[in-house]
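Encoded as structure tokens, the structure appears first; notes follow it.
All values derive from a computational prediction rather than experimental measurement.
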Amino acid sequence: MAGYHVPAGEGTSEVVEKRSRFLGYVWRVASEEEARARIAATKTKHYDARHNCWCYRLHEGAVDRWSDDGEPQGSAGQPMLEVFRREGVEDVCCVVTRYFGGVLLGTGGLLRAYSKAAKDALAEAGRAVVRLWAQGAVACPYALFERMKLEVAAVDGVVEEVAWAADVTLYLLLPAEQWDRFAQRVTELSAGQVAAEKLGECYRAVEES
């Protein structure tokens with residue numbers, strides 16, 4: 001499977017526009033119940049704010065929800081949601097809290113501020129890809145170490161750990177469908193002297209570099 005993207009962690013942001021403060025929050029969530037709990041907790045935390053606009057996207061069931069929470073229709077929750085659609089990020093919940101600064105921003109100004117707060121919070125959270133990974137190890141001469149790292153990167157893999165001994169051993173996560181291609185490439189590069197050992201498979205989120 002090609003996989004899908006989720007927030008790698010939690011993220012926050014602050015945008016100030018004509019004295020209004022927009023506080024952005026992003027979390028990875030697994031269900032509507034979890035998303036709504038995050039929203040409710042944020043509303044409680046910022047009970048004195050003028051607006052707590054929110055959105056969430058869930059991979060399972062292709063669920064998209066949003067709320068403008070009293071802002072002009074289409075100026076807050078939906079633009080926030082569009083940030084995550086454009087970035088291809090799912091299993092995400094975002095709340096942007098607005099403390100009104102006394103100056104009306106208009107629909108365009110609101111749209112830009114809410115979108116930026118959501119985007120900045122996502123940038124701080126980072127992105128991870130959820131997919132089926134092949135776990136493996138390659139023990140190779142030191143002279144091939146840098147080349148092996150390049151081959152791992154070429155198939156969108158990750159070097160999780162390196163062990164240094166007589167040879168250097170790379171412990172890897174590779175997209176499962178790329179394992180055979182990678183193993184063949186390792187054999188070719190080493191003229192048959194090095195083999196990639198597959199240790200198993202796992203399904204999880206791995207942060208992008």
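Hydrophobic clustering of Ile, Leu, Val, Met, Phe, Trp and Tyr side chains at less than 4.5 Å, counting indirect connections, unites L174 with M148. Both L105 and V96 sit in one connected hydrophobic cluster of ILVMFWY residues. Membership requires side-chain heavy atoms under 4.5 Å apart, directly or through other members. Each of W66 and V83 belongs to its own hydrophobic cluster when Ile, Leu, Val, Met, Phe, Trp and Tyr are linked at side-chain heavy-atom distances under 4.5 angstrom. V168 and V158 fall into different hydrophobic clusters, where Ile, Leu, Val, Met, Phe, Trp and Tyr residues are linked whenever their side-chain heavy atoms come under 4.5 Å apart, directly or through other members. Grouping the Ile, Leu, Val, Met, Phe, Trp and Tyr side chains by contacts below 4.5 angstrom, directly or via other members, places L144 with V159.
Looking only at side-chain heavy atoms (C-beta outward), L173 and R204 come within less than 4.5 Å of each other. The shortest distance between side-chain heavy atoms of P7 and V89 falls below 4.5 Å. Between E151 and V138 there is no side-chain heavy-atom pair separated by less than 4.5 Å. With contacts defined as side-chain heavy-atom distances shorter than 4.5 Å, the pair T42/T97 qualifies. Counting heavy atoms from C-beta on, the side chains of Y47 and N52 never come closer than 4.5 Å. Contact of the E34 side chain with the C93 side chain is not registered, since no non-hydrogen atoms from C-beta on lie closer than 4.5 Å. Counting only heavy atoms from C-beta outward, the side chains of E124 and S13 never approach each other to under 4.5 Å. The shortest distance between side-chain heavy atoms of L110 and H51 does not fall below 4.5 Å.
Pairs of residues two or more places apart, or lying in two chains, that qualify as ring-ring contact (aromatic ring centres under 6.0 Å, His included) and include a residue from residues 143-167 are Y142-W164, F145-W164.
Nearest heavy atoms, V129 versus W133: CG1-CZ2, 3.5 Å. Nearest heavy atoms, A139 versus T169: CB-OG1, 3.6 Å. When all heavy atoms of A118 and C94 are compared, the closest pair comes out as CB-SG, 3.8 Å. Across all their heavy atoms, A205 and V6 have their closest contact at CB-CG2, 4.2 Å. Taking both residues in full, the closest heavy atoms of G88 and H5 are given as O-CB, 3.4 Å, listed atom of the first, atom of the second, then distance. A125 approaches G11 most closely through the heavy-atom pair CB-N, 3.7 Å.
Atoms CD and CD, from E60 and E32 in turn, are 11.0 Å apart once rounded to the nearest 0.5 Å. The CG atom of L172 sits 11.0 Å away from the CD atom of E161 when rounded to the nearest 0.5 Å. Note: F84 CZ to K119 NZ = 11.5 Å, rounded to the nearest 0.5 Å. Atom SG in C140 sits 12.0 Å away from atom CZ in R147 (nearest 0.5 Å). One finds the CZ atom of R36 at 11.0 Å from the OG atom of S31 (value rounded to the nearest 0.5 Å). Residue M80 holds its CE atom at 6.5 Å from SG of C53, rounded to the nearest 0.5 Å.
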| request: Go through the steps for V162 and K149 under the test side chain to side chain contact (heavy atoms under 4.5 Å, CB included), then give the verdict. | output: CA-CA 11 Å; V162 178; K149 289 199 299 181; 6.0 Å; no
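Every residue two or more places apart in sequence or in another chain that forms a side-chain contact (heavy atoms from CB on, under 4.5 Å) with Q184 is listed here: E188. For R19, there are no side-chain hydrogen bond (donor to acceptor under 3.5 Å, both in side chains) partners two or more places apart in sequence or in a different chain. Residues satisfying the ring-ring contact (aromatic ring centres under 6.0 Å, His included) test with F22, not counting sequence neighbours, are Y114. In this structure, the salt bridge (charged side-chain N to carboxylate O under 4.0 Å, His left out) partners of E87, at least two apart in sequence or on a different chain, are R127.
More than 12 heavy atoms of other residues, nucleotides or ligands sit less than 6.0 Å from atom CZ of R185.
Hydrophobic side-chain contacts under 4.5 Å tie Y56 into a cluster, directly or through other members, with L23, Y25, W27, V29, I39, W54, L58, V63, V95, Y99.
At distances below 3.5 Å, at least one donor-acceptor pair connects side-chain atoms of D68 with backbone N or O atoms of G77.
The pair R98-E17 fails the salt-bridge criterion, with no side-chain N (NZ, NE, NH1 or NH2) lying under 4.0 Å from an Asp/Glu carboxylate O.
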